[in-house]
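Structure, as structure tokens:
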Amino acid sequence: MNNENDIKILMQNIGKKAKMASQALALSSTDVKNAALIAAAQEIRNAKNEIIDANNKDMDIAKGRGLTGAMLDRLKLDDDRIEAIALSIEAIAQLNDPIGDILQTKTRPNGLQISQIRVPLGVIGVIFESRPNVTADAGVLCLKAGNASILRCGSESAHSSRTIHSCLTRGLKSAGLPEEAIQLIPTQDRSAVGELLRLSDYVDIIVPRGGKSLIERVQNDSRVPVMAHLDGICHVYVDGEADLEKAIAITINAKMRRTGICGSAETLLIDQKFSGTQLSAILNALQESGCEIRGDKTVCELFENAKEAKEDDWRTEYLDAIISVRIVDGVDGAIDHIAHYSSNHTDSIITENVKTAEKFLNEVDSAIVMHNSSTQYADGGEFGMGAEIGISTGKMHARGPVGLEQLTSYKYQVRGNGQTRP
């Protein structure tokens with residue numbers, strides 16, 4: 001692109017094509033949409049070597065930029081991850097199509113029959129950063145829900161995302177659907193994001209998926225409604241009545257399974273009743289797994305290998321093998337800490353006391369609240385949604401994993417027999 005005017009023209013054309021495609025998709029049958037998905041999954045498999053070659057280019061560039069190991073893990077694709085993308089697309093094809101579902105029907109005393117019907121949102125703009133699988137997840141979820149999508153990947157995943165997108169396009173074409181139903185913005189020029197956020201005539205909602213600075217920019221600048229996916233400052237609280245073996249296993253998994261995903265635990269809260277040898281057992285297990293411990297004053301006194309946590313640590317999404325640890329006064333202390341520092345993403349309590357667990361589940365105001373389970377389950381696939389566009393931490397329209405149903409709206413159909421309002 002030569003200048004800002006070129007970018008503006010490009011984005012206007014993308015918006016117009018997406019709007020037209022969305023009108024076709026809204027009338028497309030489930031069978032046709034599923035045919036496009038199945039074909040796209042096979043195209044992904046057929047292009048495995050091409051995708052890996054493209055991903056290797058992205059990895060080389062990312063290493064040159066000094067990206068962390070966790071960020072490189074988010075970016076990397078291999079045979080298993082490519083197959084997982086294809087399987088995820090096929091799983092979405094198997095899900096019930098929400099479009100046309102009758103949410104409720106009632107007949108008024110005057111004889112009017114009023115039905116609430118699920119319909120697509122229209123055109124969805126998805127802005128994401130390093131994970132190239134989001135290209136497929138976002139595109140196919142929007143498609144199954146009858147929406148056109150405009151995708152903007154980060155520069156880190158540009159080669160991988162373009163190659164995956166070409167597979168989706170071939171799937172659309174084979175099913176007779178408009179190729180513009182899933183568009184990937186072809187430039188990494190940052191001004192394209194600004195233009196996307198101003199396409200209120202064509203785009204119905206923006207879904208940003210990335211770091212805090214990206215989310216803040218989108219929320220501040222967008223003229224289109226935003227479904228926010230904020231940073232994942234996820235907590236694990238180990239209650240005084242926790243089972244030690246469960247506490248160790250869940251904490252290690254929540255932090256270390258994949259440190260670079262939004263469901264990774266960033267803060268460990270431990271009941272002061274649990275802060276003797278049990279504390280050391282948990283922290284030793286974390287350290288042996290390669291995790292750095294940053295603790296409050298009490299933690300540092302009890303565990304010599306802990307570094308002193310600063311105030312910013314309690315607000316930090318590390319996306320790395322680092323965890324902040326604080327001793328709290330029971331479940332109320334944990335709830336207070338989470339209320340003050342949480343990003344309202346995912347928080348988990350480990351306890352054998354059902355009453356305490358229910359208090360935590362009811363009083364922690366996060367999109368996902370768990371009992372005796374790892375925060376790494378904060379994932380649309382694990383929730384039976386097939387995949388997700390992201391985890392919405394807001395309260396308008398959708399909250400938690402954003403899957404098919406969350407990518408729809410509804411309208412009312414009213415059927416009468418000549419009624420006039422007195």
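Residue numbers start at 1 and run along the sequence shown. Everything numeric in this text was worked out from a predicted model, so none of it was measured.
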Original post:
For Thr408 and Arg118, what are the C-alpha separation, side-chain angles and deciding distance, and is it a side chain to side chain donor-acceptor pair (under 3.5 Å)?
Top reply: CA-CA 7 Å; Thr408 67; Arg118 197 181 295 279; 3.0 Å; yes
**OP:** Kindly indicate, with the supporting measurements, whether the criterion side chain to side chain donor-acceptor pair (under 3.5 Å) is fulfilled by Asp379 and Tyr377.
**Re:** CA-CA 5 Å; Asp379 176 84; Tyr377 280 111; over 6 Å; no
**OP:** Report the C-alpha separation of Tyr318 and Asp313 in whole Å, then their side-chain angles, then the decisive distance to 0.1 Å, and conclude whether the side chain to side chain donor-acceptor pair (under 3.5 Å) test is met.
**Re:** CA-CA 9 Å; Tyr318 298 112; Asp313 282 302; 2.7 Å; yes
Original post:
Yes or no on side-chain contact (heavy atoms from CB on, under 4.5 Å) for Asp97 and Lys144, after CA distance, side-chain angles and deciding distance?
Top reply: CA-CA 7 Å; Asp97 188 344; Lys144 182 65 181 269; 4.0 Å; yes
Subject >> Test log, rule side-chain contact (heavy atoms from CB on, under 4.5 Å), inputs Lys76 and Arg81 >> reply: CA-CA 8 Å; Lys76 183 175 177 57; Arg81 291 186 179 182; 4.1 Å; yes
Subject >> side chain to side chain donor-acceptor pair (under 3.5 Å) between Ser157 and Asp58, intermediate numbers included >> reply: CA-CA 6 Å; Ser157 63; Asp58 287 330; 5.8 Å; no
**OP:** Evaluate the side-chain contact (heavy atoms from CB on, under 4.5 Å) criterion for residues Ile323 and Glu266: first the C-alpha distance (whole Å), next the side-chain angles of each, then the deciding distance (0.1 Å), finally the verdict.
**Re:** CA-CA 5 Å; Ile323 194 166; Glu266 305 293 13; 5.9 Å; no
**OP:** Evaluate the side-chain contact (heavy atoms from CB on, under 4.5 Å) criterion for residues Val224 and Asp204: first the C-alpha distance (whole Å), next the side-chain angles of each, then the deciding distance (0.1 Å), finally the verdict.
**Re:** CA-CA 6 Å; Val224 181; Asp204 295 283; 5.8 Å; no
**OP:** Determine, stepwise, if the pair Asp137 / Arg209 fulfils salt bridge (charged side-chain N to carboxylate O under 4.0 Å, His left out).
**Re:** CA-CA 12 Å; Asp137 289 348; Arg209 179 169 175 168; 5.2 Å; no
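At least one donor-acceptor pair under 3.5 Å links the side chain of Ser29 to the backbone N or O of Val32. Of the possible donor and acceptor atoms, one in the side chain of Asn55 sits under 3.5 Å from a partner among the backbone N and O of Leu77. A donor-acceptor contact shorter than 3.5 Å is absent between the side chain of Asp347 and the backbone of Ser342. Between the side chain of Gln406 and the main chain of Gly403, a donor-acceptor pair closer than 3.5 Å is present. The closest donor-acceptor contact from the side chain of Gln116 to the backbone of Tyr410 lies at 3.5 Å or more, if one exists at all. At least one donor-acceptor pair closer than 3.5 Å links the side chain of Asn147 to the backbone N or O of Leu121. Although no hydrogens or angles enter the test, the distance criterion places no donor-acceptor pair under 3.5 Å between the side chain of Asp271 and the main chain of Phe274. Of the possible polar contacts, none joining the Asp101 side chain to the Leu103 backbone as a donor-acceptor pair under 3.5 Å is found. Of the possible polar contacts, none joining the Gln272 side chain to the Ile327 backbone as a donor-acceptor pair under 3.5 Å is found.
In summary, Glu352 and Lys246 engage in a salt bridge, as defined by a charged side-chain N under 4.0 Å from a carboxylate O. Residues Lys48 and Glu50 are not paired through a salt bridge, judged by the lack of any N-O separation under 4.0 Å between the basic side chain and the carboxylate. Under the 4.0 Å criterion applied to side-chain N and carboxylate O atoms, Lys307 and Glu292 are assigned as salt-bridge partners. Contact check on Glu179 versus Arg170 returns no salt bridge, with no Lys/Arg side-chain nitrogen under 4.0 Å from an Asp/Glu carboxylate oxygen. Under the 4.0 Å criterion applied to side-chain N and carboxylate O atoms, Asp221 and Arg198 are not assigned as salt-bridge partners.
With hydrogens and angles left out, the side-chain atoms of Ser155 and Arg65 include a donor and acceptor closer than 3.5 Å. With no hydrogens or angles considered, no side-chain donor-acceptor pair links Thr351 and Asn353 at under 3.5 Å. Checked by atom type, the side-chain pair Thr259/Asp320 shows no donor-acceptor distance below 3.5 Å. Glu216 and Asn220 share no donor-acceptor pair across their side chains, judged by distance under 3.5 Å alone.
No side-chain heavy atom of Gln183 sits under 4.5 Å from any side-chain heavy atom of Ser149. Put simply, the side chain of Thr346 reaches to within 4.5 Å of the side chain of Met370, judged on heavy atoms. Inter-residue side-chain proximity for Ser280 and Leu302 is flagged as unmet; no heavy-atom pair is nearer than 4.5 Å. Between Asn284 and Gln287 the shortest side-chain heavy-atom distance falls below 4.5 Å. Looking at Leu75 and Pro132, their side chains come closer than 4.5 Å, going by heavy atoms from C-beta outward. A 4.5 Å side-chain heavy-atom check between Ile99 and Pro120 finds at least one atom pair inside the cut-off. Using a 4.5 Å cut-off on side-chain heavy atoms (C-beta onward), Val126 and Phe128 make contact. Side chains of His371 and Phe360 form no contact here, defined as non-hydrogen atoms less than 4.5 Å apart.
Ala265 approaches Thr375 most closely through the heavy-atom pair N-OG1, 3.5 Å. Taking each heavy atom of Ile282 and Thr251 in turn, the nearest pair found is CG2-CG2, 4.2 Å. Closest non-hydrogen pair, Gly139 versus Ile182, comes out as O-CD1, 3.5 Å. Smallest separation of non-hydrogen atoms from Pro178 and Leu172: O-CD1, 3.8 Å. When all heavy atoms are compared, the tightest approach of Ala62 to Leu72 is CB-CD2, 3.6 Å. For the pair Ile368 and Ala378, the tightest heavy-atom approach, listed with the atom from each and the gap, is CD1-CB, 3.7 Å.
How far CG of Leu268 is from CG of Leu286: 6.5 Å, rounded to the nearest 0.5 Å. Here the OG-CG distance, from Ser222 to Leu196, works out to 7.5 Å after rounding to the nearest 0.5 Å. In this structure, Cys153 SG and Leu184 CG are separated by 5.0 Å, a value rounded to the nearest 0.5 Å. Interatomic distance, Asp73 CG to Leu67 CG, rounded to the nearest 0.5 Å: 12.0 Å. Rounding to the nearest 0.5 angstrom, the gap separating the OH atom in Tyr202 from the CD1 atom in Ile150 is 10.5 Å. Summarising the geometry, atom CD1 belonging to Ile61 is positioned 12.0 Å from atom NZ belonging to Lys63; distances are rounded to the nearest 0.5 Å.
Counting heavy atoms of neighbouring residues, nucleotides and ligands inside a 6.0 Å radius, atom CD of Gln104 exceeds 12 of them. Within 6.0 Å of CD1 in Ile9 there are more than 12 heavy atoms belonging to other residues, nucleotides or ligands. No more than 12 heavy atoms of other residues, nucleotides or ligands shown are found within 6.0 angstrom of CE on Met20. Heavy atoms from other residues, nucleotides or ligands lying under 6.0 Å from CD of Gln94 number 12 at most. Within a 6.0 Å sphere centred on CG of Asn96, other residues, nucleotides and ligands contribute 12 heavy atoms or fewer. Environment of CZ in Arg45: crowded, with over 12 heavy atoms of neighbouring residues, nucleotides or ligands closer than 6.0 Å. Annotation: Lys19, atom NZ; neighbour count of heavy atoms from other residues, nucleotides and ligands within 6.0 Å is above 12.
Trp314 and His340 have their aromatic ring centers separated by at least 6.0 angstrom.
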